[in-house]
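Residue numbers begin at 1 in each chain, while the letters A, B, ... track the order of the sequences.
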Amino acid sequence: MRKNTDFFELIYDVAREIPRGRVTSYGAIGKYLGSGKSARMVGWAMNVAHSQKKIVPAHRVVNRNGELTGKHHFGHPKLMQKLLEKEGIKVKNDKVVNFEKLFWYPDVELKL
DNA sequence: TGGGTGACCATAG
DNA sequence: ACTATGGCCACCC
């Protein structure tokens, strides 16, 4: 059961469910949460999460094109790519390789 | 109350 | 590849 008090928690919860070596998109999470949440909120929540020092694998969340748009928010631009490669995800030119294969669909895998 | 912002998305040119 | 526009919606002045 999830609280509705903070929609951040919903986003964090979904993000934490992303399996190691898989990625998803802001839009997918937003769509999964549905009910009026948009992709911008997800990215914004990630920013807040980082500020709050919440344990959220934000490096597994990229935009719909598989680009590491949020890499500048990890303290160092190369950190995000490094974390991904550490999990076996290949990154080329700031984009996830085999993005479609590695894509993790919250609404399919989680399926509340 | 209203304007600005944003780790997005879609479409258009 | 690029900018521009509209939509999205919570947050912060």
Whole-Å distance, Lys95(A) NZ to dA1(C) C1', equals 11 Å
Assign His72(A) to base, sugar-phosphate, or nothing according to its heavy-atom contacts below 4.0 angstrom with the strands shown.
nothing
Interatomic distance where CE belongs to Met41(A) and P belongs to dC12(C) [whole Å]:
12 Å
Nearest listed nucleotide, side chain of Met46(A), among dC11(C), dA7(B), dG6(B):
dA7(B)
Run the salt-bridge test on Arg22(A) and Glu17(A) with the 4.0 Å N-O cut-off and return the result as yes or no.
no
Could you tell me how far apart Asn65(A) (CG) and dA1(C) (C1') are, to the nearest whole angstrom?
13 Å
What's Asn63(A) touching, base or sugar-phosphate or nothing? Going by heavy atoms closer than 4.0 Å.
sugar-phosphate
Aromatic ring centroids of Phe8(A) and Trp44(A) under 6.0 Å?
yes
How long is the line joining CZ of Phe8(A) and C1' of dC11(C), in whole Å?
7 Å
So if I take every side-chain heavy atom of Ala58(A) and compare against dA7(B), dC9(C), dC11(C), which nucleotide ends up nearest?
dA7(B)
Closest of dA7(B), dC9(B), dC9(C) to the Ala39(A) side chain is dC9(B)
Contacts of Lys71(A) and Arg64(A) projected onto DNA chain B by closest heavy atom; the upstream (5') one is Lys71(A)
Exercise: do Gln81(A) and His59(A) side chains pair donor with acceptor under 3.5 Å:
no
Figure out the CZ/P separation between Phe7(A) and dC8(C), and round it to whole Å.
16 Å
If you group Ile, Leu, Val, Met, Phe, Trp and Tyr by side-chain heavy-atom gaps below 4.5 Å, do Leu79(A) and Ile89(A) land in one group?
yes
Between NZ of Lys31(A) and P of dC9(B) the distance, given in whole Å, is 13 Å
As a test of reading the structure: which of dC9(C), dC11(C), dA7(B) is closest to the side chain of Trp44(A), going by heavy atoms?
dC11(C)
Atom-pair distance (NE2 on His76(A); C1' on dA7(B)), nearest Å:
17 Å
Going hydrophobic residue to hydrophobic residue with side-chain gaps under 4.5 angstrom, can you get from Leu102(A) over to Tyr105(A)?
yes
Starting from C1' on dC8(C), measure out to CD1 on Ile29(A) and report it in whole angstrom.
16 Å
